[in-house]
*Asks:* 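What follows is a structure written as structure tokens; I'll ask about it next.
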Amino acid sequence: MIQSMTGYGKATAEFPDKKINVEIKSLNSKNLDLSVRVAPLYQEKEMEIRNELSKVLERGKVDFSLWIEKKDTPDVAVPINKGLVKSYYRQILELSETEGIPRPEDWFPTLLRMPEVLSKTEVQELSDEEWQQVLAVIREAIAHLTEFRKQEGLALEARFRRNIADISKLLAAVEPYEKERVDRVKERITEALEKTLSIDYDKNRLEQELIYYIEKLDINEEKQRLQNHLLYFISTMEGPHGQGKKLGFIVQEMGREINTLGSKSNHAEMQKIVVQMKDELEQIKEQVLNVM
């Protein structure tokens with residue numbers, strides 16, 4: 001079955017002090033085009049994340065985001081950097097004495113507002129246990145995206161089948177006009193010779209010329225090739241995923257045969273049918289770009 005390159009997946013994980021969010025969006029692209037944005041704590045794992053994505057998401061413009069939502073923890077106070085407070089205090093006293101600047105009346109609020117006093121100074125490290133949990137969330141988001149792509153692929157497949165069936169019906173509708181077209185060509189040439197030129201002509205030679213002319217207008221080969229392309233499109237679509245490029249090539253071949261049918265038709269009704277075929281084919285061309 002086919003998969004669409006358009007998709008969306010999201011997954012989350014709850015930790016005591018935070019919530020991890022993973023979101024993946026994808027659109028159609030000729031190749032795999034990855035854009036990865038991760039929270040600073042997990043940046044060291046970016047290559048591993050890219051490998052996880054590329055193993056499953058073979059094509060498409062993929063935007064990956066991993067971010068952290070901090071939870072409110074009122075029972076956990078932000079530690080005061082006591083050493084820094086003492087350092088600021090000594091420096092203020094020293095400035096006051098050497099420069100003659102009056103000391104603040106209320107020391108404590110002033111010191112707490114100094115830079116980094118209320119900031120956590122410890123460096124966070126990513127544990128293996130936490131990373132395994134985050135990796136599981138990433139894989140879950142990828143699975144959701146893949147399922148989304150499969151559902152979109154089913155919709156595309158149903159649409160393609162309708163388009164292919166319509167082209168096949170239109171191809172069959174050409175047949176009644178083929179013999180009529182030959183008779184009209186013969187009648188038109190004969191009438192031109194008899195009425196316009198008013199001369200005698202060699203009927204055997206005329207038959208030979210008509211055969212040559214009609215052979216140039218023969219569309220049996222084009223019809224057969226187009227029918228084969230229609231069947232090949234369906235069989236390719238039913239194969240393993242990742243057939244988008246091949247389906248695109250088949251559509252190009254179908255377009256060549258339909259164009260040749262149009263150039264050889266030499267009949268108003270056949271031209272109308274060819275235009276309808278082109279319309280169906282254009283719909284396939286537009287949507288096949290989304291197939292992975």
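We're numbering straight along the sequence, starting at 1.
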*Asks:* Do the side chains of Glu157 and Arg161 get close enough for a salt bridge, i.e. N-O under 4.0 angstrom?
*Replies:*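 Salt bridge flag = yes for Arg161 with Glu157.
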*Asks:* Thinking salt bridges, do Glu280 and Lys169 make one under a 4.0 Å N-O criterion?
*Replies:*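 Salt bridge flag = no for Lys169 with Glu280.
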*Asks:* Just by distance, do the side chain of Thr260 and the backbone of Arg256 share a donor-acceptor pair under 3.5 Å?
*Replies:*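 Flag set: sc Thr260 to bb Arg256 pair under 3.5 Å.
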*Asks:* Got a donor-acceptor contact below 3.5 angstrom from the Arg59 side chain to the Asn28 backbone?
*Replies:*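 Not a single qualifying donor-acceptor pair exists.
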*Asks:* Determine yes or no for a side-chain-to-main-chain donor-acceptor pair under 3.5 angstrom, with Ser265 supplying the side chain and Gly262 the backbone.
*Replies:*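 Side chain of Ser265 to backbone of Gly262: a pair is present.
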*Asks:* Give, for atom CD1 of Ile68 and atom CD1 of Ile20, the distance between the pair rounded to the nearest 0.5 Å.
*Replies:*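 The distance works out to 4.5 Å.
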*Asks:* Going by distance alone, is a donor N or O of one side chain under 3.5 Å from an acceptor N or O of the other, for Asn220 and Gln224?
*Replies:*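 Not at all, the side chains of Asn220 and Gln224 share no donor-acceptor pair under 3.5 Å.
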*Asks:* What's the spacing between Tyr232 OH and Ile164 CD1 if we round to 0.5 Å?
*Replies:*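 If I round to the nearest 0.5 Å, the distance is 13.5 Å.
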*Asks:* For Arg50, check side-chain hydrogen bond (donor to acceptor under 3.5 Å, both in side chains) against everything at least two apart and list the hits.
*Replies:*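 Counting only residues at least two positions away or on another chain, Arg50 forms a side-chain hydrogen bond (donor to acceptor under 3.5 Å, both in side chains) with Glu46.
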*Asks:* Quick one: closest heavy-atom pair of Ile167 and Met277, and the distance?
*Replies:*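 Scanning both residues completely, I find the closest heavy atoms to be O-CE, 4.1 Å.
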*Asks:* What I'd like to find out is whether the side chain of Ile49 reaches to under 4.5 Å of the side chain of Leu135, using heavy atoms alone.
*Replies:*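 When only atoms from C-beta onward are counted, Leu135 and Ile49 do not touch, as no gap falls below 4.5 Å.
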*Asks:* When Leu66 is tested against each of Val134, Asn21, Val137 for side chain to side chain contact (heavy atoms under 4.5 Å, CB included), which residue passes?
*Replies:*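 Considering Val134, Asn21, Val137, a side chain to side chain contact (heavy atoms under 4.5 Å, CB included) with Leu66 is found only for Val134.
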*Asks:* Relative to the ring of Phe233, is the ring of Phe160 parallel (under 30°), tilted (30 to 60°) or perpendicular (over 60°)?
*Replies:*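 The arrangement is perpendicular - the two ring planes meet at more than 60°.
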*Asks:* How long is the span from the CZ atom in Arg225 to the CG atom in Asn228, to the nearest 0.5 Å?
*Replies:*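 Here the rounded value is 9.5 Å.
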*Asks:* If you look at every heavy atom in Gln3 and Lys150, which pair is closest and at what distance?
*Replies:*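 Smallest heavy-atom distance, with atoms named: NE2-CE, 3.8 Å.
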*Asks:* Mind checking whether Asn259 and Lys278 have side chains closer than 4.5 Å, heavy atoms only?
*Replies:*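 A side-chain contact under 4.5 Å exists here.
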*Asks:* Answer with yes or no whether the hydrophobic clustering places Ile2 together with Leu230; edges join I, L, V, M, F, W, Y residues whose side-chain heavy atoms lie under 4.5 Å apart.
*Replies:*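 Per the 4.5 Å side-chain linkage, Ile2 and Leu230 are co-clustered.
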*Asks:* With hydrophobic residues grouped by side-chain heavy-atom distances under 4.5 Å, do Leu247 and Leu281 end up in a single group?
*Replies:*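 Cluster IDs for Leu247 and Leu281 match.
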*Asks:* Identify the heavy atoms of Gly7 and Phe148 that sit nearest to each other, and give their distance.
*Replies:*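 Looks like CA-CD2, 3.4 Å.
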*Asks:* Would you say the side-chain atoms of Gln243 and Thr236 include a donor-acceptor pair closer than 3.5 Å?
*Replies:*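 No pair is found: no donor N or O on one side chain lies under 3.5 Å from an acceptor on the other.
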*Asks:* Any chance you could measure Lys272, atom NZ, to Leu170, atom CG, to the nearest 0.5 Å?
*Replies:*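 Taking NZ in Lys272 and CG in Leu170, the distance rounds to 13.5 Å.
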*Asks:* Are Leu289 and Met1 connected, step by step, through hydrophobic side chains (Ile, Leu, Val, Met, Phe, Trp, Tyr) whose heavy atoms are closer than 4.5 Å?
*Replies:*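 No, it is not one cluster - the side chains of Leu289 and Met1 are not joined through contacts under 4.5 Å.
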*Asks:* Between Ala11 and Ala141, what is the shortest heavy-atom contact and its length?
*Replies:*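 It is CB-N, 3.8 Å.
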*Asks:* Side chains of Gln283 and Gln287: is there a donor and an acceptor less than 3.5 Å apart?
*Replies:*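 No.
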*Asks:* Would you find more than 12 non-hydrogen atoms of other residues, nucleotides or ligands less than 6.0 Å from Lys45 atom NZ?
*Replies:*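 Atom NZ in Lys45 is crowded, with more than 12 foreign heavy atoms closer than 6.0 Å.
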*Asks:* Check whether any side-chain heavy atom of Lys55 lies under 4.5 Å from a side-chain heavy atom of Ile142, and answer yes or no.
*Replies:*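 In short, these two side chains do not touch, never coming nearer than 4.5 Å.
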*Asks:* Would the distance check show the side chain of Lys70 and the main-chain N or O of Asp17 forming a donor-acceptor pair, the cut-off being under 3.5 Å?
*Replies:*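 No; judged by distance alone, with no hydrogens or angles, the pair does not exist.
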*Asks:* Could you tell me the separation between the CG atom of Leu27 and the NZ atom of Lys61, rounded to the nearest 0.5 Å?
*Replies:*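 The CG atom of Leu27 sits 7.5 Å away from the NZ atom of Lys61.
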*Asks:* Looking only at heavy atoms, which two atoms of Ile273 and Ala173 are closest? And how far apart?
*Replies:*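 Heavy atoms of Ile273 and Ala173 come nearest at CD1-O, 3.6 Å.
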*Asks:* Side chains of Leu154 and Gln151, heavy atoms from C-beta outward: is any pair under 4.5 Å?
*Replies:*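 SC-SC contact between Leu154 and Gln151 confirmed.
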*Asks:* Under 4.5 Å between any side-chain heavy atoms of Arg159 and Asn163, yes or no?
*Replies:*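 Yes, their side chains come closer than 4.5 Å.
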*Asks:* Using the rule that two of Ile, Leu, Val, Met, Phe, Trp, Tyr join whenever any of their side-chain heavy atoms come within less than 4.5 Å, decide whether Leu145 and Met5 are in one cluster.
*Replies:*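 No, because Leu145 and Met5 fall into different hydrophobic clusters, even though each may have its own neighbours under 4.5 Å.
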*Asks:* Measuring from atom CG of Asp33 to atom OG of Ser26, what distance do you get when rounded to the nearest 0.5 angstrom?
*Replies:*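 Between atom CG of Asp33 and atom OG of Ser26 there are 11.5 Å.
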*Asks:* Are Val275 and Val251 co-members of a hydrophobic cluster defined by side-chain heavy atoms under 4.5 Å apart?
*Replies:*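 Cluster IDs for Val251 and Val275 differ.
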*Asks:* Has Asn51 got more than 12 heavy atoms of other residues, nucleotides or ligands less than 6.0 Å from its CG?
*Replies:*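 Counting other residues, nucleotides and ligands, CG of Asn51 exceeds 12 neighbours.
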*Asks:* When you measure from the centre of the six-membered ring of Phe15, is the NZ or CZ of Lys18 closer than 6.0 Å and no more than 45° off the axis?
*Replies:*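 Yes, cation above the ring, under 6.0 Å and within 45°.
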*Asks:* Against Ser65, only a single residue in Lys10, Glu23, Lys25, Arg37 fulfils side-chain hydrogen bond (donor to acceptor under 3.5 Å, both in side chains); can you say which?
*Replies:*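 Looking at Lys10, Glu23, Lys25, Arg37, the match for Ser65 under the side-chain hydrogen bond (donor to acceptor under 3.5 Å, both in side chains) is Arg37.
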*Asks:* Considering all heavy atoms of both residues, which atom of Leu32 and which atom of Leu57 are nearest to each other, and what is their separation?
*Replies:*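 The pair with the smallest heavy-atom distance is CD1-O, 3.1 Å.
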*Asks:* Can you list the steps and then say if Lys264 with Glu221 is a salt bridge (charged side-chain N to carboxylate O under 4.0 Å, His left out)?
*Replies:* CA-CA 12 Å; Lys264 285 187 173 184; Glu221 288 188 10; over 6 Å; no
*Asks:* Under 6.0 Å from the NZ atom of Lys245, do we count more than 12 heavy atoms belonging to anything else shown?
*Replies:*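 Yes, because the 6.0 Å sphere around NZ of Lys245 holds more than 12 heavy atoms from other groups.
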*Asks:* Side chains of Tyr8 and Glu152: do they bring a donor and an acceptor to under 3.5 Å?
*Replies:*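 No, because no side-chain N or O of Tyr8 sits under 3.5 Å from a partner of the opposite role on Glu152.
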